[in-house]
S.K.: 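What follows is a single structure, and I will ask about it in a moment.
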Amino acid sequence: MFGYVKPVNDELKIREYNVFRSYYCGLCKALGENYNQLTRFGLNYDLTFLAVIIGSLIENDGIISNERCFVHPLKKRNIMKNSQSIDYASDMSVLLVRLKLKDDWNDDKSYKALLASIPYRNYDNKLLNQYPETVKNVEMKLSDLSKLEKDKSKDLDACADKFAKVMESIFQSPIIKDNTQKRILGQVGYYLGRWIYIVDAYQDLEADIKTTSFNPLLLKYYEGNETINVLKDKVKQEIEVALYYTLSQLVDCYELLDIKNNKEIIDNVLYLGLRNKMESIFSNCCKEEK
Amino acid sequence: MGSSYEVLGIREGASEEEIKTAYKKLAKKYHPDRYLDNPLSDLAEEKFKEINVAYDQLIKNNRNSNQSYGQSQNNNQQNSYNRSSSQSGNISFQRIRQLIQSRQFREADRMLNEISNRNGEWHFLKGINAMNTGQFQKGYDHLRNAVQLEPNNLEYRQAYDQIQRRSTGYRNMSNSRGYSQVNTCDCCTNLICADCLCEMLGGDLIGCC
């Protein structure tokens, strides 16, 4: 489900690239320090972006230090330290992975999920105490979503809405005190979540046909006999406009935020990165790999 | 809130030309028309007012004429659901239009679902209602149906075109920031992906990154 929200590196200045990397490495380190080494595998770009956008609203959020880490023993790296936004993103990262694995275990009795959830087991209470609202909201929306999945819902908007609301809660971080900013952040998260959900469903089309997994796009558009390329093309035609429209709403919300730093990086992610990701998923360029 | 110059994002003592350029850019960006179906429209309006006040202040310092952008366009659009309601003729459709206008989307949807005559008007209202509640796929589908059923209805066509325009609008903004599609499936990217995977496992495939 993750890894869609990242900048187009080619279009970043080197300084901006370094700052983005320092958030990425910072989040990885924070997972190791605040949780345990195994949770570092849960590192992803979407949560890195969460740290960057929340950090952009806080004056002096963290400092960059040049350190070694055991994943890259040979070369020192820029790592963002003492950043509230990164600590928050690490908490949310653990929360999301934990709930996802719990869900997989409950739904499919997947032993893989049970095994993978071991590193995440001991933090439920910590997270619940620290973010009672967020945890409650996220759990509720995820269980709404899995209800829709069980009912084999064809309602793409309804499914996307549940995931969008998960992202909305996560973006409304309690470390942002200004209510207006928080409200805007929530809306940005909402549209981002909507977009991620649908793009992800599109990307999974082929795999989900094979495994007969739940996918609202399949239920809505698949007639059962067309080839995957025909299907992909048809679905793309159907959903493209509404997806760009979602991005347009997203950036309109984002422009209302009172960004204090790293605006260039966020601009890059939202105006270039998201589109790039979507268009490369749409253009079937990865087909010959299979 | 900062000074008028700060609001417009220009240096103090900027020339009239600079003020105007900055103002035009911001007024376009935060114009209420752009935020019609955005849940944050109230915040955009605040920002828009702020920009107008700042502009008027700065321009008055230089001259005392010059009017800023009005909101007339916006008002036109706001009224649009009401304006043509007479032509629909149907009492419940009129009622639904009123509900949508007063943002009672749930009630409007309930009433729509009870109607069995699913003509162009029905699809149009269903579409507008969906767009306002973030259900963009449904909204788009219904508006497209409305246009197909009644290709000559200007109102339906306008609403449908509006979505297309916004969707292209995002791409235009992205283009103006230098977007060009990067082929993410070339050999280099694959190598970098492999490198990332190795790094996750503690190794390293490409030393420099």
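In what follows, every chain begins at residue 1, and chains take the letters A, B, ... in the order their sequences are listed.
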S.K.: Identify which part of Lys47(B) has an atom lying under 4.5 Å from any heavy atom of chain A, answering side chain, backbone, both or neither.
M.R.: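 Lys47(B) touches chain A through side-chain heavy atoms alone.
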S.K.: May I ask you to name which of Leu270(A), Asp157(A), Leu250(A) has the most heavy-atom pairs under 4.5 Å with chain B?
M.R.: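 Of the options given, most contacts go to Asp157(A).
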S.K.: Side chains of Gln137(B) and Ile198(A): does their closest heavy-atom pair fall under 4.5 Å?
M.R.: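 Gln137(B) vs Ile198(A): side chains apart.
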S.K.: Which region of Asp42(B), side chain (C-beta onward) or backbone (N, CA, C, O), has a non-hydrogen atom less than 4.5 Å from a non-hydrogen atom of chain A, or is it both or neither?
M.R.: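 The side chain, not the backbone.
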S.K.: Using a cut-off of under 4.5 Å for heavy-atom pairs, which of Ile239(A), Val251(A), Asp161(A), Leu243(A) has the most such pairs with chain B?
M.R.: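 With the most close heavy-atom pairs to chain B, the winner is Ile239(A).
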S.K.: For Arg144(B), enumerate each residue passing the salt bridge (charged side-chain N to carboxylate O under 4.0 Å, His left out) test, keeping only those at least two apart in sequence or located in another chain.
M.R.: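 Checked Arg144(B) against salt bridge (charged side-chain N to carboxylate O under 4.0 Å, His left out); matches are Glu238(A), Asp141(B).
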S.K.: Select one option (side chain, backbone, both, neither) describing which atoms of Gln187(A) are under 4.5 Å from chain B's heavy atoms.
M.R.: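 It is the side chain, since no backbone atom gets that close.
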S.K.: Looking only at heavy atoms and a cut-off of under 4.5 Å, which of Met173(B), Gln135(B), Arg171(B) has the most pairs with chain A?
M.R.: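 Maximum pair count with chain A is reached by Arg171(B).
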S.K.: Spell out, as yes or no, whether a donor-acceptor pair under 3.5 Å connects the side chain of Glu240(A) to the backbone of Ser167(B).
M.R.: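 No, because the side chain of Glu240(A) does not come within donor-acceptor range (under 3.5 Å) of the backbone of Ser167(B).
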S.K.: If you count heavy-atom pairs under 4.5 Å with chain B, which of Leu43(A), Leu274(A), Asp252(A) comes out on top?
M.R.: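 Looking at each of Leu43(A), Leu274(A), Asp252(A) in turn, Asp252(A) comes out on top.
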S.K.: Counting only heavy atoms closer than 4.5 Å, note whether Leu247(A) contacts chain B via side chain, backbone, both or neither.
M.R.: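 Interface part for Leu247(A): both.
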S.K.: Would the number of heavy atoms belonging to other residues, nucleotides or ligands and lying under 6.0 Å from NZ of Lys234(A) be above 12?
M.R.: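 Atom NZ in Lys234(A) is packed in, count exceeds 12.
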S.K.: Can you check whether anything in residues 258-268 of chain A gets within less than 4.5 Å of chain B, heavy-atom wise, and list it by number?
M.R.: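 Asp267(A) fall under the 4.5 Å cut-off.
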S.K.: Between Leu256(A) and Tyr30(B), does the side chain to side chain contact (heavy atoms under 4.5 Å, CB included) criterion hold? Intermediate values first, please.
M.R.: CA-CA 8 Å; Leu256(A) 294 167; Tyr30(B) 296 110; 3.7 Å; yes
S.K.: I'd like to know whether CD of Gln237(A) has more than 12 heavy-atom contacts from other residues, nucleotides or ligands below 6.0 angstrom.
M.R.: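 More than 12 heavy atoms, drawn from other residues, nucleotides or ligands, come within 6.0 Å of this atom.
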S.K.: Go through Cys253(A), Ala242(A), Ser248(A) and name the one with the most non-hydrogen pairs under 4.5 angstrom from chain B.
M.R.: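 Of Cys253(A), Ala242(A), Ser248(A), Ser248(A) has the most heavy-atom pairs under 4.5 Å with chain B.
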S.K.: At what distance, to the nearest 0.5 angstrom, does CG of Asn175(B) lie from CZ of Arg275(A)?
M.R.: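 Atom-to-atom, Asn175(B):CG and Arg275(A):CZ are 4.5 Å apart.
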S.K.: So for Gln249(A), is it side chain, backbone, both, or neither that comes closer than 4.5 Å to the heavy atoms of chain B?
M.R.: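 Both the backbone and the side chain of Gln249(A) come within 4.5 Å of chain B.
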S.K.: Check this for me: Arg106(B), atom CZ, are more than 12 non-hydrogen atoms of other residues, nucleotides or ligands nearer than 6.0 Å?
M.R.: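 Count not over threshold, so no.
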S.K.: Which of parallel (below 30°), tilted (30 to 60°) and perpendicular (above 60°) describes Tyr244(A) and Tyr170(B)?
M.R.: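 Aromatic pair Tyr244(A)/Tyr170(B) classed tilted.
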S.K.: For the backbone of Tyr271(A) and the side chain of Ser174(B), can you confirm whether one donor and one acceptor N or O come within less than 3.5 Å of each other?
M.R.: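 Checking the backbone N and O of Tyr271(A) against the side chain of Ser174(B), a donor-acceptor pair under 3.5 Å is found.
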